[in-house]
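All of these numbers come straight from a predicted model, not from anything done at the bench. Letters A, B, ... mirror the listed sequences (proteins, then strands); counts begin at 1.
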Protein chains: 2
Amino acid sequence: MRKNPIVQRETLGAAVLQVRSGRATSRTTLAKALGISPSTTGLYVDHLIAEKYLNESGLNQGPMGRPRRLLSTQAGAGWFAGVEFNAHRIQAVGVDFSGGLKQTVELLLPDEVMADQVTKAILSCVAKLAETMQGPLLSVGLGVPGLVDVQAGVGLYYAFIPDWKQVPLVEIIGSKLKVPVILQNNLRAIALAERWFGIGHSLNDYVILGPRSGFGIAIVQDGRVIEGAHHAAGEVGRWPWPLMGGAGEVKELHHALSAPATWRRLSGVDGRAKLPEDLRAGLAAFSDSKGPVWDAVCTDYARVIGLLHMIIDTGVFILHGPLTMLGERFCQSITDVACALMPALREGGLKVVPSTLGDDAGALGAASQAMEAWAPA
Amino acid sequence: MRKNPIVQRETLGAAVLQVRSGRATSRTTLAKALGISPSTTGLYVDHLIAEKYLNESGLNQGPMGRPRRLLSTQAGAGWFAGVEFNAHRIQAVGVDFSGGLKQTVELLLPDEVMADQVTKAILSCVAKLAETMQGPLLSVGLGVPGLVDVQAGVGLYYAFIPDWKQVPLVEIIGSKLKVPVILQNNLRAIALAERWFGIGHSLNDYVILGPRSGFGIAIVQDGRVIEGAHHAAGEVGRWPWPLMGGAGEVKELHHALSAPATWRRLSGVDGRAKLPEDLRAGLAAFSDSKGPVWDAVCTDYARVIGLLHMIIDTGVFILHGPLTMLGERFCQSITDVACALMPALREGGLKVVPSTLGDDAGALGAASQAMEAWAPA
DNA sequence: GGCTTTTTATTCGAATGCGAAAAAACCCCA
DNA sequence: TGGGGTTTTTTCGCATTCGAATAAAAAGCC
């Protein structure tokens with residue numbers, strides 16, 4: 001038997017992440033992924049297997065040589081909660097230790113909801129998930145609307161919950177649940193969801209387009225989500241739009257490209273009172289992808305995407321939110337218009353795609369955060 | 001005497017950087033800056049002193065306790081070359097081991113210069129610097145125009161040198177000089193220059209505005225210069241401008257905001273044939289900061305800066321190039337207009353300032369790269 | 001079946017980096 | 001002038017991590 005040194009928590013957590021993501025499948029590949037020596041990696045893996053976090057799941061014969069002893073995460077070792085919310089509803093997901101989505105809970109919030117109601121509702125969602133998830137709760141991720149201070153664990157400001165100012169969420173939730181809690185802005189959480197559950201697993205640079213009740217973006221560069229000096233990176237909704245419009249009628253990008261605004265433009269119907277589900281249904285049924293209104297909407301999107309692309313030189317734009325209902329043809333139109341408007345984009349390989357994740361992307365992203373933050377005790 | 005372990009090259013280099021930058025002044029502060037233990041730091045410092053890279057320069061008494069034994073770099077331990085060029089001229093600087101600028105060389109290039117003439121001229125500039133710099137040449141940094149592949153060490157493309165395509169600069173220069181050579185796009189090199197020699201030493205997030213023969217920006221986030229997925233981050237010069245202009249007259253941002261274009265707009269004189277020095281002189285003498293043309297120019301800058309600020313949420317914009325001749329009032333006007341156009345910016349603390357570095361910022365930045373890349377043999 | 005080749009995993013001695021404690025160097029104050 | 005307090009630096013033993021060699025496990029080949 002090998003001696004069992006006191007290994008480093010952080011490295012253990014990183015090792016589990018690599019195995020869970022499938023980037024490392026054996027001791028040797030794990031060693032490469034972690035950048036530590038194979039011998040040390042062996043010790044860590046032994047420890048993790050002894051603690052029932054990992055197990056060996058058969059052999060994998062390469063073209064030659066000793067077969068790898070495949071590593072996998074033990075699904076029942078515990079679970080992670082991911083919770084995302086806005087002023088109207090809370091969505092929570094339970095993810096097992098292998099990163100598999102196991103359960104979803106949704107909860108509608110009353111109008112004019114207050115901060116402490118929200119935090120209570122979050123706790124009750126997690127409690128409901130706990131009824132069916134197996135093993136102990138290991139960590140909680142929160143996708144928080146508005147400005148968020150990730151370091152401090154504080155929700156700074158959100159316009160649509162009246163008293164949402166300086167809410168010490170990590171402390172509130174963490175002290176009740178006794179597990180690590182990690183925060184992220186909800187759009188940036190979606191970016192992480194793409195990394196774990198969507199097409200981002202093979203990408204290191206991409207941008208999330210989030211036309212929802214407003215319009216914001218999240219930028220992933222070199223595998224990291226950009227925060228900004230004041231936690232406000234990607235808050236492009238308040239761009240003046242049209243950018244150089246005639247005097248007097250300057251609005252903001254929000255008013256042109258949010259999900260309801262886009263629907264209003266496309267359908268000609270005032271959708272202010274529309275519920276989110278109706279909006280989705282309407283968009284899904286929308287088929288008129290030829291007219292001048294359609295072109296105008298695509299042109300606006302194309303302009304924004306083009307500007308972004310030339311600043312941060314990222315490959316892929318992933319469309320999220322209700323507008324994904326417009327499907328592939330919407331993204332294709334945007335790409336075409338953008339390349340027509342800005343020939344330089346063609347060389348850069350502009351790509352706009354609809355997300356394959358559904359409405360719970362934010363909660364999934366929050367769960368991803370939880371997984372990334374966790375390390376064995 | 002302490003035992004002398006075989007220490008890690010990388011960490012030695014990092015230690016020298018910390019001392020040179022002044023972020024670490026003693027063994028203890030260095031330990032904190034490097035994130036290693038004080039005991040290990042002692043060993044590294046001993047080694048560096050023994051090899052004559054560092055020395056102890058007196059004591060520094062705090063308010064109480066044992067005084068720090070101040071560390072400093074040995075200026076004569078060797079020197080770094082920084083070279084920046086475009087199609088018209090080469091600028092080279094020699095920087096001593098302490099990071100002090102010691103010498104500058106400028107060399108004009110003939111019209112229609114070819115790539116191999118440029119590489120030869122770079123070598124001759126370095127040779128000229130070598131005549132007066134003391135100690136061995138340790139490393140060379142190159143600020144290269146156009147697209148650059150930093151990893152591969154290759155200049156990919158530059159429009160104004162006809163055969164500048166896939167130039168393996170690191171190999172060409174490195175094989176002659178037998179020292180490490182490191183590349184960077186020249187605007188991104190300027191960003192590094194601000195970090196070492198300008199106001200960037202206290203900032204972790206800022207943007208360089210580079211209106212020169214074209215218009216580009218360089219973004220520093222969390223102390224790192226953004227590269228982009230295709231080495232093209234910040235290439236905003238080809239934005240359509242005006243962004244939603246009337247049909248037919250769509251131009252690009254280059255045509256509105258490059259240094260010559262700005263001069264043309266301000267002065268009303270066609271400055272196409274103007275030499276760079278004349279341009280600078282003209283701008284320095286320009287005093288009419290009231291008229292509608294001035295406002296129009298500032299508004300264009302304000303729009304660009306506003307958009308950028310809301311995407312990447314960075315604090316400070318540093319203006320570089322000939323337009324710094326317009327001085328503080330130009331930056332102030334831009335700030336004012338931007339805040340008027342986009343009220344959201346006021347909260348974000350938008351700041352636009354002219355660089356204090358002169359025309360050799362690019363070469364200084366290249367030298368900074370060289371310093372960062374170097375580590376003891 | 002035994003041999004070589006190839007790849008993965010483990011063993012084991014060596015050494016590097018760490019932590020705790022000691023030492024050093026200075027202050028202040030009686 | 002000597003003791004207590006404070007901060008920096010060094011000493012020293014220990015333990016984790018590494019590297020090289022070794023073992024293990026399979027394929028291919030004759």
Q: May I ask you to say what Thr40(A) touches in the nucleic acid, namely base, sugar-phosphate or nothing, with a heavy-atom cut-off under 4.0 Å?
A: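 Counting heavy atoms under 4.0 Å across all strands, the contact made by Thr40(A) includes a base.
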Please determine whether the number of non-hydrogen atoms from other residues, nucleotides or ligands lying under 6.0 Å from atom CD of Glu56(A) exceeds 12. yes
OP1 or OP2 of [N] less than 4.0 angstrom from a side-chain nitrogen or oxygen of [X], does that happen here?
X: Ser26(A); N: dA9(C); result: yes
X: Arg68(A); N: dT7(C); result: no
X: Arg27(A); N: dT10(C); result: yes
X: Arg69(B); N: dT7(D); result: no
X: Tyr44(B); N: dT16(C); result: no
X: Ser39(B); N: dG17(C); result: no
X: Ser37(B); N: dC18(C); result: yes

Side-chain (Ser355(A)) to main-chain (Leu357(A)) donor-acceptor, under 3.5 angstrom
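Side chain of Ser355(A) to backbone of Leu357(A), a donor-acceptor pair under 3.5 Å: yes, one is there.
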In a check of side chain to side chain contact (heavy atoms under 4.5 Å, CB included) between Ile219(B) and each of Thr314(B), Val225(B), Ile312(B), which one passes?
->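 Among Thr314(B), Val225(B), Ile312(B), the one meeting side chain to side chain contact (heavy atoms under 4.5 Å, CB included) with Ile219(B) is Ile312(B).
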Got a list of side-chain donor-acceptor pairs under 3.5 Å for residues 368-377 of chain B, not counting sequence neighbours?
from	atom 1	to	atom 2	distance (Å)
Ser368(B)	OG	Leu364(B)	O	2.8
Gln369(B)	NE2	Leu183(B)	O	3.1
Glu372(B)	OE2	Trp196(B)	NE1	3.0

Gap between atoms [atom1] and [atom2], on [X] and [N] respectively (whole Å):
X: Gln8(B); N: dG19(D); atom1: CD; atom2: C1'; result: 13 Å
X: Leu12(A); N: dT17(D); atom1: CG; atom2: C1'; result: 14 Å
X: Ile36(B); N: dC18(C); atom1: CD1; atom2: P; result: 6 Å

Query raised in the report: Looking only at side chains, do Ser26(A) and Thr28(A) share a donor and an acceptor under 3.5 Å apart?
Result: no
Show each protein N/O and nucleotides 24-28 of chain C N/O combination with a separation under 3.5 Å, one pair to a line.
from	atom 1	to	atom 2	distance (Å)
dA24(C)	N3	Arg66(B)	NH1	3.4
dA25(C)	N3	Arg66(B)	N	3.4
dC26(C)	O3'	Gln61(B)	OE1	3.4

Using distance only, find each side-chain donor-acceptor pair of residues 57-68 of chain B under 3.5 Å and give its atom names and separation, not counting sequence neighbours.
from	atom 1	to	atom 2	distance (Å)
Ser57(B)	OG	Ser72(B)	OG	3.2
Asn60(B)	OD1	Arg68(B)	NE	3.4
Gln61(B)	NE2	Gly65(B)	O	2.8

